[in-house]
Chemist: 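Below is the structure I would like to discuss, written out as structure tokens.
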Amino acid sequence: MRKVFTLSFVCVLLLSFTAIPGYSQDASSVLEKMIKASGGRKALENIKDTTISGTFDITQMGMEGTMTISHKEPNMFRQDIEIMGMVITNAFDGEVGWMINPQTGAAEELAEDLQGQAKRGALGYGSAILLHPEKYGITYKLKGEETVDDVKCVVLEQAYSDGHIALMYIDASNYLVYRTRQPSLNQMGVEVETDVIFSDYKDVDGYPSPHLVTIFQDGEEFAVMTVSEIKYNSGFEDSFFKME
């Protein structure tokens, strides 16, 4: 059962958007272009919470399911997944990550090796670290340009205060995220290189949002997520994200 939980947790946490203080002027310029491409600073500040609904297919294991991801700025999220007749809940309440154990139905804190991943993922769903990165101890470094799948990209290195490093590949034609690359834990708890491709961007209330997310682990396709609906400002209370 832990294997099923870890798979679903890794899948959804990889929908991450990023951060940056102490950046060079070049990296800062790229960030400002990303903010503008994402709707603009003022518009992003108006987003208080986000709900993402859709389906996923864990291709390596032949499993399908549905998901709902709820995020409240700046760093709370809750993920409810239905897979193989089970409902699996994972969340981060701003301080600690937790889950509902599908075997017992009891809420419990995530294992220590998943807490950092949960914290980064909670930030990544929102725009706070895009708009106010200096609050989160994250820095960017411009790494140049690279062509990925015939897409010319600007590459940024993203460094968290806990030592976690990720690369962001920004489509140079529109300054939307095309790919991220970072280490993550696979379903067996082993660190692997994870690439996430964001595509099928659609306008949702003035915000361009990816509706297809493809995840690769060590070069092999691991999972595909299809987003069916995105809603903003549903008015979530903090208690929705607290451990039950």
Side-chain angles (χ1 to χ4, degrees), residues 1-18 50-71 77-92 97-125 148-149 164 166-169 177-202 209-230:
M1 195 64 67
R2 174 178 169 80
K3 181 177 179 180
V4 172
F5 157 68
T6 305
L7 275 169
S8 60
F9 189 75
V10 170
C11 278
V12 181
L13 282 186
L14 291 173
L15 277 169
S16 294
F17 296 93
T18 46
T50 305
T51 305
I52 302 170
S53 303
T55 61
F56 63 89
D57 179 7
I58 304 178
T59 50
Q60 283 192 0
M61 304 188 71
M63 295 192 297
E64 298 179 348
T66 61
M67 64 178 182
T68 300
I69 304 164
S70 307
H71 177 270
F77 91 96
R78 176 172 174 146
Q79 162 195 314
D80 295 290
I81 286 180
E82 185 172 350
I83 185 171
M84 298 174 60
M86 299 178 294
V87 176
I88 303 171
T89 296
N90 310 303
F92 188 82
W98 59 275
M99 66 171 286
I100 296 179
N101 189 319
Q103 290 179 303
T104 65
E108 55 189 51
E109 290 189 11
L110 294 177
E112 184 177 353
D113 59 350
L114 290 175
Q115 288 289 342
Q117 190 162 280
K119 182 178 181 179
R120 292 190 298 271
L123 282 170
Y125 281 119
V148 181
D149 303 327
H164 182 81
L167 293 176
M168 296 185 67
Y169 297 78
V177 178
Y178 177 70
R179 181 177 80 176
T180 63
R181 170 171 287 177
Q182 60 187 308
S184 69
L185 300 178
N186 68 8
Q187 65 271 27
M188 304 304 295
V190 176
E191 187 175 281
V192 294
E193 182 178 79
T194 302
D195 289 334
V196 184
I197 301 292
F198 301 91
S199 59
D200 192 22
Y201 276 84
K202 298 177 183 178
S209 304
H211 282 62
L212 185 65
V213 181
T214 308
I215 299 170
F216 297 84
Q217 291 186 343
D218 285 343
E220 298 291 329
E221 184 178 298
F222 173 69
V224 177
M225 301 180 193
T226 303
V227 175
S228 58
E229 184 179 31
I230 300 176

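Side-chain atoms are counted along with the backbone in the values below, which use heavy atoms only and exclude waters and symmetry mates. Here the structure is a predicted model, which means the values were calculated and not measured.
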Chemist: Under a 3.5 Å distance rule, please check whether H71 uses its side chain to pair with a backbone N or O of I69 as donor and acceptor.
Modeler: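 Here the side-chain-to-backbone pair does not exist.
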
Chemist: Looking at L110 and W98, what are the two nearest heavy atoms and their distance?
Modeler: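 Closest pair (atom of L110, atom of W98, distance): CG-N, 3.6 Å.
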
Chemist: Output yes when a side-chain donor or acceptor of S228 lies under 3.5 Å from a complementary backbone atom of S53, and no otherwise.
Modeler: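 Answer holds: yes.
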
Chemist: Under the criterion side chain to side chain contact (heavy atoms under 4.5 Å, CB included), I'd like the reasoning laid out for Q217 against E193: C-alpha separation, chi angles, the key distance, then a yes or no.
Modeler: CA-CA 6 Å; Q217 291 186 343; E193 182 178 79; over 6 Å; no

Chemist: Name all pairs fulfilling the salt bridge (Lys or Arg N to Asp or Glu O under 4.0 Å) condition that reach into residues 79-92, sequence neighbours left out, sorted by first residue then second.
Modeler: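 Of all non-adjacent pairs touching residues 79-92, those that pass salt bridge (Lys or Arg N to Asp or Glu O under 4.0 Å) are R78-D80.
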
Chemist: Stepwise, does the side chain to side chain contact (heavy atoms under 4.5 Å, CB included) test hold for S184 with E191?
Modeler: CA-CA 5 Å; S184 69; E191 187 175 281; over 6 Å; no

Chemist: Please walk me through it: do M67 and Q79 pass side chain to side chain contact (heavy atoms under 4.5 Å, CB included)?
Modeler: CA-CA 7 Å; M67 64 178 182; Q79 162 195 314; 5.6 Å; no

Chemist: Just wondering, do V213 and V196 contact through their side chains at under 4.5 Å, heavy atoms?
Modeler: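 Yes, close enough: below the 4.5 Å cut-off.
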
Chemist: Working to the nearest 0.5 Å, report the span between CG of L114 and CG of N90.
Modeler: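 It is 9.0 Å, given to the nearest 0.5 Å.
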
Chemist: For the atom pair NZ (K202) and OG (S209), what is the distance rounded to the nearest 0.5 Å?
Modeler: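 OG of S209 is found 11.0 Å from NZ of K202.
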
Chemist: Quick check: do T194 and I215 have side-chain heavy atoms less than 4.5 Å from each other?
Modeler: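 Yes - at least one pair of side-chain heavy atoms lies under 4.5 Å apart.
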
Chemist: In Å, rounded to the nearest 0.5 Å, how long is the span from CD of E64 to OG1 of T59?
Modeler: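 Rounded to the nearest 0.5 Å, the CD-OG1 separation comes to 10.5 Å.
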
Chemist: Mind listing the closest non-hydrogen atom pair of P102 and V87 along with its distance?
Modeler: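 That would be CB-O, 4.5 Å.
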
Chemist: Does D195 reach the side chain of R179, with side-chain heavy atoms less than 4.5 Å apart?
Modeler: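 Yes, their side chains come closer than 4.5 Å.
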
Chemist: Where is the tightest heavy-atom contact between Q182 and A166, given as atom of each residue plus distance?
Modeler: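 Residues Q182 and A166, closest heavy atoms: CB-CB, 3.6 Å.
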
Chemist: Which heavy atom of F56 sits nearest a heavy atom of I83, and at what distance?
Modeler: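 Nearest pair, atom of F56 first, then I83: CE1-CD1, 3.8 Å.
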
Chemist: Working to the nearest 0.5 angstrom, can you tell me the gap between F92 CZ and L123 CG?
Modeler: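 Reported to 0.5 Å precision, the distance equals 7.5 Å.
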
Chemist: Within this structure, what is the CE-CE distance for the pair M84 and M61, rounded to the nearest 0.5 Å?
Modeler: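 Between atom CE of M84 and atom CE of M61 there are 8.0 Å.
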
Chemist: As an exercise, state the distance from CD1 of I197 to CG of L212, rounded to the nearest 0.5 Å.
Modeler: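 It comes to 10.0 Å.
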
Chemist: If the condition is side chain to side chain contact (heavy atoms under 4.5 Å, CB included), which residues does E109 pass it with, not counting sequence neighbours?
Modeler: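 E109 satisfies side chain to side chain contact (heavy atoms under 4.5 Å, CB included) with V96, Q115, M243 only.
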
Chemist: Are the side chains of M225 and T214 in touch, meaning some heavy atoms are under 4.5 Å apart?
Modeler: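 SC-SC contact between M225 and T214 ruled out.
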
Chemist: Taking Y201 for its side chain and V177 for its backbone only, find out whether a donor-acceptor pair lies under 3.5 Å.
Modeler: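 Yes.
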
Chemist: Do you know which two heavy atoms are closest between F198 and T180, and how far apart they sit?
Modeler: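 Of all heavy-atom pairs spanning F198 and T180, the closest is CE1-CG2, 3.8 Å.
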
Chemist: Apply the test side chain to side chain contact (heavy atoms under 4.5 Å, CB included) to residues I52 and T50: give CA-CA distance (whole Å), side-chain angles for both, the deciding distance (0.1 Å), then the verdict.
Modeler: CA-CA 7 Å; I52 302 170; T50 305; 4.1 Å; yes

Chemist: Sequence neighbours excluded, which residues qualify as salt bridge (Lys or Arg N to Asp or Glu O under 4.0 Å) partners of D57?
Modeler: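 Testing D57 for salt bridge (Lys or Arg N to Asp or Glu O under 4.0 Å), a comparison that skips the adjacent residues, returns none.
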
